[in-house]
**Student:** 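Here's a structure for you.
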Amino acid sequence: MSENKWQVKQSEEPTGPSANADALSTKQKEPITEGFDPAEIDNEYHQEKEPGSAPEGEPTPEEDEVDTKRKKKDILTEVLEYVKLVLIVIVISLLVTNYVLQRNTVKGESMVPTLQDGDELFVEKVSRYFGKINRFDIITVDTKGLDPRPNHIIKRVVGLPGETVEIKDNQVYINGEVLDQPFLLEGVPTTSHNPAFDRVVLGENEYYCLGDNRNNSNDSRSFGPVPHTNIMGKLLIRFYPFDHFGVPK
């Protein structure tokens, strides 16, 4: 009787593979809680949704401020570069105008027939510093210190430094010889304007200058020799009117 009871109890306990499978299934259904902190997940969630933060892919307010400052700096740099360029152009223009090349407009008829009233010219200024002024060159002159009515005039060089110039017999004499002047209209006389300058011995840096229109020209016959320092430039080319473009002779 006691042996049968023992056998019944033994049969009630699960044995074999099915018993192991039930045990494994029970363990898998249990939640994994080791090392898990719900507070950490909650904090991460709130950090992602923090008010004032920019949406993903868009700049933050701080980045916007930096970008705005950079743009302002770029604009300022561009303005400064433009101002610098303008100043450079102005300086170059002044240097060219004062020391290299200048535009002049003929006013009056003192150089007819070679130049007409209204002709537009380019006058180079290098010759007066480094070059040489030659006979028959057409030059521009500042008459300050020469004429009571200071002006800028354009004349032709007929007498050079060291020469003796005489105005007599309606002719120009250089060192006692009549000067041939092919640019004058035929029969135009060279008359005296001021007896004090009818005969002049030119100094080391002096020039005797006359207008081609001898009857209508205020020149060395009136105010005397032209010092080198009063020479502004030498005629380079006439660019207007276009049908007279070129170097006047």
Side-chain angles (χ1 to χ4, degrees), residues 89-147 149-161 163 165 167 170-172 174 178-191 193 202 205-249:
V89 171
I90 292 174
V91 170
I92 292 176
S93 299
L94 290 174
L95 291 174
V96 169
T97 301
N98 289 321
Y99 301 103
V100 182
L101 191 70
Q102 186 174 24
R103 172 188 171 185
N104 288 108
T105 303
V106 176
K107 294 184 179 180
E109 300 178 345
S110 70
M111 284 297 291
V112 171
T114 307
L115 299 175
Q116 304 292 330
D117 182 40
D119 282 358
E120 296 288 344
L121 318 170
F122 279 127
V123 175
E124 58 91 2
K125 297 189 171 188
V126 178
S127 294
R128 64 172 178 165
Y129 296 109
F130 308 107
K132 183 180 179 181
I133 302 299
N134 301 307
R135 194 186 318 278
F136 298 152
D137 282 348
I138 298 175
I139 62 173
T140 53
V141 176
D142 182 358
T143 62
K144 184 177 181 180
L146 303 174
D147 196 329
R149 299 163 297 175
N151 198 4
H152 294 167
I153 60 176
I154 185 165
K155 303 297 173 185
R156 190 187 294 272
V157 175
V158 297
L160 301 175
E163 294 181 339
V165 181
I167 307 297
N170 296 331
Q171 300 283 348
V172 177
I174 302 294
V178 176
L179 180 65
D180 182 27
Q181 303 173 88
F183 43 81
L184 294 179
L185 291 176
E186 186 177 355
V188 173
T190 303
T191 58
H193 285 188
L202 297 173
N205 292 304
E206 292 182 335
Y207 300 84
Y208 203 89
C209 304
L210 301 175
D212 289 357
N213 186 0
R214 299 295 163 79
N215 295 325
N216 186 22
S217 175
N218 181 38
D219 48 39
S220 288
R221 293 173 295 170
S222 301
F223 50 72
V226 175
H228 187 274
T229 52
N230 285 67
I231 296 176
M232 301 174 63
K234 184 166 67 175
L235 174 60
L236 180 64
I237 196 169
R238 171 172 50 196
F239 65 88
Y240 184 84
F242 299 126
D243 56 346
H244 287 85
F245 181 88
V247 181
K249 301 298 183 180

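Predicted model only: the values in this text are computed from it and were never measured. One is the number of the first residue; the rest follow in order along the sequence.
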**Student:** In Å, rounded to the nearest 0.5 Å, how long is the span from CZ of Phe136 to CD of Gln181?
**Tutor:** 6.0 Å

**Student:** Got a second to check how far Ile167's CD1 is from Arg221's CZ, nearest 0.5 Å?
**Tutor:** 6.5 Å

**Student:** Could you pull out all residues at least two apart from Gln102 that satisfy side chain to side chain donor-acceptor pair (under 3.5 Å)?
**Tutor:**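 Testing Gln102 for side chain to side chain donor-acceptor pair (under 3.5 Å), a comparison that skips the adjacent residues, returns Lys125.
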
**Student:** Would you give the length of the straight line joining atom CE of Met111 to atom CG of Leu210, rounded to the nearest 0.5 angstrom?
**Tutor:** 10.0 Å

**Student:** Which heavy atom of Thr190 sits nearest a heavy atom of Val172, and at what distance?
**Tutor:**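 Heavy atoms only, the tightest pair is CG2-CG2, 3.7 Å.
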
**Student:** Hey, does the side chain of Arg135 reach the backbone of Val158 with a donor-acceptor pair shorter than 3.5 angstrom?
**Tutor:**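 Present.
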
**Student:** Take atom CZ of Phe183 as the centre, draw a 6.0 Å sphere, and report whether it contains more than 12 heavy atoms from other residues, nucleotides or ligands.
**Tutor:**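 Atom CZ in Phe183 is packed in, count exceeds 12.
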
**Student:** Considering only NZ, NE, NH1 and NH2 on the basic side and carboxylate oxygens on the acidic side, decide whether Asp137 and Lys234 come within less than 4.0 Å.
**Tutor:**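 Answer for the salt bridge query: yes.
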
**Student:** For the pair Asp142 (side chain) and Asn230 (backbone), establish whether a donor and an acceptor sit closer than 3.5 Å, ignoring hydrogens and angles.
**Tutor:** no

**Student:** Would you call Ile154 and Asn104 a side-chain contact if the rule is heavy atoms closer than 4.5 Å?
**Tutor:**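 No - every pair of side-chain heavy atoms lies 4.5 Å or more apart.
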
**Student:** As a test of understanding, state which of Thr114, Ile139, Leu115 forms a side chain to side chain contact (heavy atoms under 4.5 Å, CB included) with Arg156.
**Tutor:**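 Passing option: Thr114.
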
**Student:** Could you tell me the separation between the CD atom of Glu109 and the CG atom of Asn216, rounded to the nearest 0.5 Å?
**Tutor:** 6.5 Å

**Student:** Hey, could you give me the CG/OG1 distance between Asn205 and Thr229, rounded to the nearest 0.5 Å?
**Tutor:** 8.0 Å

**Student:** Is the CD atom of Glu163 crowded by more than 12 outside heavy atoms at less than 6.0 Å?
**Tutor:** yes

**Student:** Does the side chain of Val112 reach to within under 4.5 Å of the side chain of Asp212, using non-hydrogen atoms?
**Tutor:**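 Heavy-atom side-chain distance check fails, nothing below 4.5 Å.
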
**Student:** Sort and list the pairs that fulfil ring-ring contact (aromatic ring centres under 6.0 Å, His included) and have at least one residue in residues 100-132, not counting sequence neighbours.
**Tutor:**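 Listed once each, the pairs are Phe122-Phe239.
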
**Student:** Roughly how far apart are Arg149 CZ and Asn151 CG, rounded to 0.5 Å?
**Tutor:**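 Rounded to the nearest 0.5 Å, the CZ-CG separation comes out at 9.0 Å.
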
**Student:** On a heavy-atom basis, which atom in Ser222 and which in His193 lie closest, and how many Å separate them?
**Tutor:**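 Result for this residue pair: OG-ND1, 3.1 Å.
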
**Student:** Taking all non-hydrogen atoms of both residues into account, name the closest pair between Asp117 and Val106 and its distance.
**Tutor:** OD1-O, 3.3 Å

**Student:** Quick one: are Val165 and Pro225 in side-chain contact, heavy atoms under 4.5 Å?
**Tutor:** no

**Student:** Could you pull out all residues at least two apart from Glu206 that satisfy salt bridge (Lys or Arg N to Asp or Glu O under 4.0 Å)?
**Tutor:** none

**Student:** Are Thr191 and Asn170 side-chain neighbours, meaning at least one heavy-atom pair lies under 4.5 Å?
**Tutor:**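 SC-SC contact between Thr191 and Asn170 confirmed.
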
**Student:** Are the side chains of Pro189 and Arg214 in contact, using a 4.5 Å heavy-atom criterion?
**Tutor:**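 No; the side chains remain at least 4.5 Å from each other.
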
**Student:** Minimum heavy-atom separation for Asn218 to Ile153, with atom names?
**Tutor:** O-CD1, 4.0 Å

**Student:** Is the shortest heavy-atom distance from the side chain of Asp119 to the side chain of His244 under 4.5 Å?
**Tutor:**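 A side-chain contact under 4.5 Å is absent here.
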
**Student:** So which atom in Val226 and which in Cys209 form the shortest heavy-atom distance, rounded to 0.1 Å?
**Tutor:**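 Smallest interatomic distance, heavy atoms only, reads CG2-SG, 3.9 Å.
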
**Student:** Give the minimum heavy-atom separation between Pro161 and Leu202, together with the two atoms involved.
**Tutor:** CA-CB, 4.2 Å

